[in-house]
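Below: the structure, in C-alpha cells.
Order of appearance sets the numbers: ligands from 1, and atoms from 1 within every ligand. On a predicted model such as this, the values are computed, not experimentally measured, just so you know.
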Amino acid sequence: MNASRRTGPSLPPSPGAVHLECSSTGRTSPSERLAGLSEAGRPLLVRYDLDALKGRFTPASLAGRPPTLWRYAEVLPVRDPLRRITLGEGFTPLIDSPRLARSMGVRRLWIKDEGQNPTGSFKDRGLCIAVSRAWELGAKELAIPSAGNAASASAAYGAAAGLPVHVVLPRDVPAPILAEIGALGASVQLLDGVISDCGKVVRRNCDEHGWWDLSTLKEPYRVEGKKTMGYELFEQMGRLPDAVVYPTGGGTGLIGMWKAFAEMEQLGWIGPERPKMFAVQAEGCAPMVRAWEEGEEEARAWTDPATYASGLRVPGAVGDFLILRALRESEGGAVAVSDQDMARWVEAIGAATGVFAAPEGGATAAAVPKLRDMGLLGGGEEVLLFNTGSGLKYVGMEPEGT
Ligand SMILES: *Cc1c(COP(=O)(O)O)cnc(C)c1O
C-alpha cells in the first residue's frame with residue numbers, strides 16, 4: 001500500500017485501544033478482534049489510555065504532521081502504520097464567513113467544508129478508519145447500506161485496501177454518486193426503499209457470506225473517524241465555538257465530536273465547557289427533532305421519510321439515545337427545516353462564501369435564523385456550521401415538498 005507507506009512512518013505509533021465499552025451498560029469487551037454491537041445490542045465505543053497520553057499528546061505535538069485525520073494517530077484505533085489507508089481525508093478548511101454571519105445576525109460564523117474530502121463528503125472520515133481497522137483485524141469483504149455518500153466512501157477505501165465492497169442503496173440515489181461508486185469498483189444493489197430497508201439486506205448478506213457490516217454505529221470505528229472533527233475544530237480555532245450546527249442522519253458525527261470533547265478534557269486540552277450542539281433534520285424526516293421536542297430519551301422511527309438531502313433520509317438511528325443525550329447535556333437542541341429552505345440557503349452560502357454546499361449544508365444555514373427566533377442562539381455567539389458534502393454530488397436532485 002503505497003499511500004500508507006507515504007504517510008505512516010512520519011507519524012508516531014498508535015498505542016491503540018485498551019478495550020471497547022457498551023454505550024448503554026458500560027460493560028467492557030476486547031478491542032483486538034472484529035466486534036459489531038455490544039451484548040446488549042447497543043453501539044460499542046472505543047476507549048484509550050488517555051492518562052498515559054496526557055502531556056505527551058498535546059496540540060503542540062501535532063505541528064508538522066500530515067494534513068489528514070491520521071495526525072490524531074494516538075487517539076485512533078489502528079495500530080499498524082501499514083494499515084493506515086489514506087486518500088487525503090480530513091483537515092478540511094474552516095472558512096470564516098463574515099457576510100453570512102451578518103445576514104444571520106450572529107457575531108461570527110464559520111463553515112467547516114467537509115465537501116473537500118476525497119469522495120466529496122465527511123463519510124470519508126468514518127470509513128477511512130472503519131475500513132483500515134477492519135482490514136487490520138482480518139475482514140476479507142465489506143458491505144454497507146447507504147443513502148449514497150457512505151457507499152462512495154466505502155468503495156474508495158475498500159479499493160485502496162484491496163478489499164471487495166458490496167453496497168446496497170435506495171434506487172433514487174443521486175446519479176453522480178452512483179457513477180462514482182461504479183468507477184470505484186464496488187458491487188451495487190439498488191432497492192425500492194430507504195436506508196433502513198437496505199440495512200436489512202446487508203445484514204442478511206453478511207450473515208450468509210461472512211462479509212463485514214460497516215453500518216452506522218453497528219461497528220465501533222466509524223465514530224472514531226468522525227470524532228476527528230472535534231479535535232480538528234479545536235486545533236484549527238485554538239478554542240471551541242459557542243455552537244455547532246450539524247445536519248443529523250445517523251448522528252455519527254455528533255456522537256463522535258461529543259466523544260472527542262470528553263477525550264480532550266481528559267487529555268487536559270480543554271475544561272468542562274462545551275459548545276451547544278444543534279441537530280438539524282429535514283421536515284420530511286425528523287425523528288430526532290420530534291423526540292427532542294417531546295423530551296424523549298429515544299426516538300421513534302419516522303414513517304415515509306422524504307427529503308432530497310439523502311444524508312438526512314434516515315428514519316431511525318441506533319445511536320438515538322446518544323444523540324439526544326449530547327443535545328441535552330450541551331444545552332443545545334434540534335430543529336427541522338424544509339427542502340425549499342435548504343435549497344435557498346445552498347445558494348445563499350454559495351454567493352456569500354464561494355462554497356458549493358450539499359443540501360445538508362444548506363440545512364445548517366437554514367437552521368440558524370430559526371434557532372435565533374426560538375431563542376436558542378444569541379446574536380453574540382460564534383457559530384460553526386458543518387457543510388458535510390459537496391453540492392456536486394446532488395446535481396439533478398430536486399427539493400421535495402413545497
Ligand atoms: C451521512 C450524511 C449526513 C448525516 O451524517 P450522520 O453523521 O450520519 O448524522 C449529513 N450530510 C451528508 C452529506 C451525509 O452524507
Practice prompt. Under 4.0 Å from a heavy atom of Asn149: give me the atoms of ligand 1 that qualify, with their elements.
Written response: 13 (C), 14 (C), 15 (O)

Worksheet item: So Phe57 and Tyr72, would you call those rings parallel, tilted or perpendicular, with 30° and 60° as cut-offs?
Response: perpendicular

Fill in: Pair Glu263, Tyr231: side-chain N/O donor-acceptor within cut-off below 3.5 Å
yes

Practice prompt. Give the numbers and elements of all ligand 1 atoms closer than 4.0 Å to a heavy atom of Gly253.
Written response: 7 (O)

Worksheet item: How long is the span from the CD atom in Glu180 to the OG atom in Ser152, to the nearest 0.5 Å?
Response: 3.5 Å

Worksheet item: For Thr248 and ligand 1, does the shortest N/O to N/O distance drop below 3.5 Å?
Response: no

Worksheet item: Under 4.0 angstrom from ligand 1, any heavy atom of Thr216?
Response: no

Discussion item. With no hydrogens and no angle check, just 3.5 Å: does a side-chain donor-acceptor pair link Tyr394 and Glu360?
Written reply: yes

Practice prompt. Output yes when the distance from some N or O of ligand 1 to some N or O of Lys226 is under 3.5 Å, and no in every other case.
Written response: yes

Discussion item. Looking only at protein heavy atoms, which one is nearest to atom 7 (O) of ligand 1, and what is the separation?
Written reply: Tyr246 OH, 2.5 Å

Worksheet item: Considering only protein heavy atoms, which is closest to atom 6 (P) of ligand 1, and at what distance to one decimal place?
Response: Gly251 N, 3.3 Å

Fill in: Atom indices of ligand 1, in the order listed, that fall short of 4.0 Å to a heavy atom of Tyr394
13 (C)

Practice prompt. For the pair Arg290 and Glu283, find out whether any cationic side-chain nitrogen is under 4.0 Å from an anionic carboxylate oxygen.
Written response: no

Item to complete: Starting from atom 14 (C) of ligand 1, locate the nearest protein heavy atom and write down its residue, its atom name and how far away it is, to 0.1 Å.
Response: Lys123 NZ, 2.9 Å

Worksheet item: Under 3.5 Å between some N or O of ligand 1 and some N or O of Gly311?
Response: no

Discussion item. Under 4.0 Å from a heavy atom of Thr252: which atoms of ligand 1 are those, numbered in the order shown and with their elements?
Written reply: 6 (P), 7 (O), 8 (O), 9 (O)

Discussion item. When you compare ligand 1 with Ser121, is there at least one nitrogen or oxygen pair between them that comes in under 3.5 angstrom?
Written reply: no

Discussion item. Can you report which non-hydrogen protein atom sits closest to atom 8 (O) of ligand 1, along with the distance?
Written reply: Gly250 N, 3.1 Å

Worksheet item: Which residue holds the protein heavy atom closest to atom 13 (C) of ligand 1, what is that atom called, and what is the gap in Å?
Response: Thr388 OG1, 3.2 Å

Worksheet item: Is the closest side-chain donor-acceptor distance between His166 and Ser187 under 3.5 Å?
Response: yes

Item to complete: Would you please say whether a donor-acceptor pair under 3.5 Å links the side chains of Tyr308 and Asp172?
Response: no

Worksheet item: CZ of Arg107: more than 12 outside heavy atoms within 6.0 angstrom?
Response: yes

Worksheet entry | Modelled atom types, side-chain donor and acceptor of Asn117 and Glu114, under 3.5 Å | yes

Worksheet item: Parallel, tilted or perpendicular: which describes the rings of Phe386 and Tyr246, with under 30° parallel and over 60° perpendicular?
Response: perpendicular

Practice prompt. Could you tell me whether some N/O pair between Leu312 and ligand 1 is separated by less than 3.5 angstrom?
Written response: no

Worksheet item: atom 5 (O) of ligand 1: which protein heavy atom is closest, and how many Å away?
Response: Phe122 CZ, 3.2 Å

